[in-house]
Student: 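There's a structure below that I have some questions on.
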Amino acid sequence: MNLVLLGPPGAGKGTQAERISKEFQIPHISTGDMFREAIKNRTALGAQAEKYMAAGELVPDEIVIGIVAERLTQPDTAGGFLLDGFPRTVPQAQALDKFLEENGRSLTAVVNIEVDPEILVARLSGRRVCATCGAVYHVATKPSKEPGICDLCRGELIHRTDDQEATIKNRLAVYHAQTAPLVQYYRESGLLLPVNGERAIDEVYQEIVRELRNRDR
Ligand code: ADP
Ligand code: ADP
Ligand code: ZN
C-alpha cells in the first residue's frame, strides 16, 4: 500500500502513522522528522530547513521534493510506504504523482484526518515528544507514565519550539493557505478517504484501518 496521511498540524498524523506502519509493515516517512534529524545532526539540509521550521513556514518545495524522491528510491519502499506530512503543497503533490508514475507506481489512498482548528491548538500546545526516539505524547490526552520521561526509552520529553502559541497560529494559517487545497486535489483523483480525527486515538485508528481494508479489496 502506497499511502499519504493528510491533515492539519496536530491532527494526529504522526500518532496514527506509527500504528499504520506497523499494521501494514510499510516504512513511515515523515518529512518533519527527517528535517528535525538533519537539524540535530547539523547537516547542510538541516541548516537550510531550520529557519523556515522555526517560523512555522514551509520549507521550499525543491528541497522537500528532493529528499522525498531520494527516500522513495530506497528498496524498503518497494512493498509500500506511508508518507506523513508530505505533500503539503499542490506542486509537491504534482511532483509526487510524476515521480511515482515514472517508476510505475501510484498512490493507493490519501487518508485525510479532519479536526476542528480549536482542538488543534490544544493538541499542539500540549504535545510532548521524546528527544531520543521521537515518541509522541500529550500532557492531557496521552500522558507518559512518569512526567517528562518517555515510556519506551526513558528519554527526555520536550516541547517542540514550533509548538508554542505564536508559531502554532502561523502554522495553521500556512496549512489553510497552502495545504488545504490538497483535499480537493485528491478528492478529484478519487483517492481521498476522510476520517473524523476528533475521537479517541484508538477509534480514529480503527476507522482508518477499516477504510483502508475496504479500499484494498
Ligand atoms: P500531527 O503529526 O498531525 O501534527 P500528532 O500525531 O503529533 O499530530 O498529534 C498531535 C498531538 O495530539 C500529540 O500530542 C498527540 O499525542 C495528540 N493526539 C493525537 N491524536 C489524538 C486524538 N485522537 N485525541 C487526542 N489527542 C490526540
Ligand atoms: P506537524 O506535526 O505539525 O504536522 P511536521 O513535523 O510534519 O509538523 O513539520 C514540521 C515543520 O517541518 C513544518 O512546519 C515545516 O516547516 C517543515 N515541513 C515538514 N514537511 C514539509 C513539507 N512537506 N513541505 C514543506 N515543509 C515541511
Ligand atoms: Zn523515547
Side-chain angles (χ1 to χ4, degrees), residues 4-20 28-39 45-46 48-68 71 83-93 95-96 111-116 119-144 146 148-163 167-168 170-175 178-179 182 195-208:
V4 166
L5 267 187
L6 193 63
K13 299 182 297 297
T15 299
Q16 299 298 335
E18 209 45 54
R19 298 171 181 220
I20 297 166
H28 170 198
I29 302 173
S30 156
T31 41
D33 286 350
M34 288 162 90
F35 288 134
R36 280 184 290 276
E37 191 63 27
I39 291 169
L45 174 69
Q48 281 178 301
E50 196 164 15
K51 61 174 184 293
Y52 299 103
M53 293 176 74
E57 298 290 336
L58 295 183
V59 176
D61 286 339
E62 320 78 81
I63 299 176
V64 193
I65 291 166
I67 65 159
V68 173
R71 182 66 187 85
L83 288 169
D84 159 15
F86 179 92
R88 257 179 157 93
T89 64
V90 171
Q92 289 180 20
L96 176 64
V111 176
N112 184 37
I113 308 181
E114 301 175 332
V115 176
D116 191 79
I119 297 176
L120 296 173
V121 176
R123 288 211 185 156
L124 292 169
S125 51
R127 172 160 63 184
R128 297 294 182 270
V129 293
C130 174
T132 307
C133 76
V136 181
Y137 299 86
H138 189 279
V139 290
T141 64
K142 195 182 185 296
S144 58
E146 285 175 60
I149 298 174
C150 178
D151 293 349
L152 305 177
C153 78
R154 301 201 57 80
E156 182 198 357
L157 300 188
I158 57 160
H159 189 188
R160 272 169 51 176
T161 49
D162 61 343
D163 278 345
T167 320
I168 289 174
N170 194 40
R171 286 162 64 206
L172 294 176
V174 165
Y175 167 81
Q178 303 195 58
T179 309
L182 288 182
V195 166
N196 173 2
E198 294 184 3
R199 293 161 307 160
I201 292 172
D202 269 339
E203 289 174 43
V204 176
Y205 175 65
Q206 296 306 334
E207 186 182 344
I208 293 174

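Values reported hereafter were calculated over all heavy atoms of this structure, with side chains retained and with hydrogens, waters and symmetry mates removed. Start at 1 and go down the list; that is how both ligands and their atoms are numbered. Bear in mind that the values here come from a model prediction, so they are computed numbers and not experimental data.
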Student: In terms of atom number and element, which parts of ligand 1 are under 4.0 angstrom from non-hydrogen atoms of Y137?
Tutor: 13 (C), 14 (O), 16 (O)
Student: Can you report which non-hydrogen protein atom sits closest to atom 2 (O) of ligand 1, along with the distance?
Tutor: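 The protein heavy atom lying closest is G14 N, 2.9 Å.
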Student: Show which atoms of ligand 1 fall inside a sub-4.0 Å distance from at least one heavy-atom site of A200.
Tutor: 23 (N)
Student: Please report which non-hydrogen protein atom sits nearest to atom 20 (N) of ligand 1, along with the residue it belongs to and the distance in Å to one decimal place.
Tutor: I201 CG1, 3.6 Å
Student: Would a distance-only check, ignoring hydrogens and angles, find a side-chain to backbone donor-acceptor pair under 3.5 Å from Q16 to I201?
Tutor: yes
Student: Consider every N or O of V204 and every N or O of ligand 1, then say whether any pair is closer than 3.5 Å.
Tutor: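 N/O-N/O distance under 3.5 Å: no.
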Student: Side chain, backbone, both or neither: which applies to A17 and ligand 1 if a contact is any heavy-atom pair less than 4.0 Å apart?
Tutor: neither
Student: Can you report which non-hydrogen protein atom sits closest to atom 15 (C) of ligand 2, along with the distance?
Tutor: E57 O, 3.5 Å
Student: Determine yes or no for a side-chain-to-main-chain donor-acceptor pair under 3.5 angstrom, with K13 supplying the side chain and I113 the backbone.
Tutor: no
Student: At a 4.0 Å threshold, what atoms of ligand 2 neighbour a non-hydrogen atom of Q92?
Tutor: 22 (C), 23 (N), 24 (N), 25 (C)
Student: Can a donor-acceptor pair be found, under 3.5 Å and without considering hydrogens, that links the side chain of T179 to the backbone of R88?
Tutor: yes
Student: Starting from atom 8 (O) of ligand 1, which protein heavy atom do you reach first, and at what distance in Å?
Tutor: G12 N, 3.1 Å
Student: Between G10 and ligand 1, does any nitrogen or oxygen pair lie at a separation below 3.5 Å?
Tutor: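 N/O-N/O distance below 3.5 Å exists for this pair.
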Student: Who passes salt bridge (charged side-chain N to carboxylate O under 4.0 Å, His left out) against D163, sequence neighbours left out?
Tutor: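 D163: salt bridge (charged side-chain N to carboxylate O under 4.0 Å, His left out) contacts with R127, R171.
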Student: Given E203, K13, R128, which one has a non-hydrogen atom that is nearest to atom 3 (O) of ligand 1?
Tutor: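 Comparing heavy atoms across E203, K13, R128, the nearest one to atom 3 (O) of ligand 1 lies in K13.
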Student: Show me which atoms of ligand 2 lie under 4.0 Å from any heavy atom of T31.
Tutor: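 Those qualifying, in numeric order: 19 (C), 20 (N), 21 (C), 23 (N).
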Student: Would you check if the side chain of D84 reaches a backbone N or O of H28 as a donor-acceptor pair within less than 3.5 Å?
Tutor: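 Between the backbone of H28 and the side chain of D84 there is no qualifying donor-acceptor contact (under 3.5 Å).
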Student: May I ask you to list the atoms of ligand 2 that are less than 4.0 angstrom from any heavy atom of R36?
Tutor: 6 (O), 10 (C)
Student: Mark up the atoms of ligand 2 that fall under 4.0 Å of a heavy atom belonging to V64, in ascending order.
Tutor: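 Every atom of ligand 2 under 4.0 Å from some heavy atom of V64: 22 (C), 23 (N), 24 (N), 25 (C).
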Student: How many protein N, O or S atoms sit closer than 2.8 Å to the Zn ion (ligand 3)?
Tutor: 4
Student: If we only count N/O pairs under 3.5 Å, is P9 in contact with ligand 1?
Tutor: no
Student: Enumerate the atoms of ligand 1 whose separation from the nearest heavy atom of V136 is less than 4.0 angstrom.
Tutor: 7 (O), 13 (C), 15 (C), 16 (O)
Student: Measure V59 to ligand 2 on non-hydrogen atoms and call it side chain, backbone, both or neither using the 4.0 Å cut-off.
Tutor: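 Both backbone and side chain of V59 come within 4.0 Å of ligand 2.
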Student: Look only at interatomic distance and state if L124 has a nitrogen or oxygen under 3.5 Å from any nitrogen or oxygen of ligand 1.
Tutor: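 It does not: no N or O of L124 is found under 3.5 Å from an N or O of ligand 1.
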Student: With heavy-atom distances below 4.0 Å as the criterion, list the atoms of ligand 1 near T141.
Tutor: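 Counting atoms of ligand 1 from 1, those under 4.0 Å from T141 are 25 (C), 26 (N), 27 (C).
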Student: With heavy atoms under 4.0 Å as the rule, classify the contact between Q178 and ligand 2 as side chain, backbone, both or neither.
Tutor: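 Within the 4.0 Å criterion, Q178 makes no contact with ligand 2.
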Student: For A38 versus L45, what's the shortest heavy-atom pair and its separation?
Tutor: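 Shortest heavy-atom separation between A38 and L45 comes out as CB-CD2, 3.9 Å.
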Student: Out of all atoms in ligand 2, which are within 4.0 Å of some heavy atom of R127? Include the element for each.
Tutor: 2 (O), 3 (O)
Student: Please identify which atoms of ligand 1 are closer than 4.0 Å to at least one heavy atom of R199.
Tutor: 22 (C), 23 (N), 24 (N)
Student: Among all protein heavy atoms, pick out the one at the shortest distance from atom 12 (O) of ligand 1; state its residue, atom name and that distance to 0.1 Å.
Tutor: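 Looking at atom 12 (O) of ligand 1, the protein heavy atom closest to it is R123 CD, 3.3 Å.
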Student: Between T15 and ligand 1, find which residue part has any heavy-atom pair under 4.0 Å and reply side chain, backbone, both or neither.
Tutor: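 The answer is both, backbone and side chain.
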Student: State whether the shortest distance between N or O atoms of P8 and N or O atoms of ligand 2 falls below 3.5 angstrom.
Tutor: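 So ligand 2 has no N or O lying under 3.5 Å from an N or O of P8.
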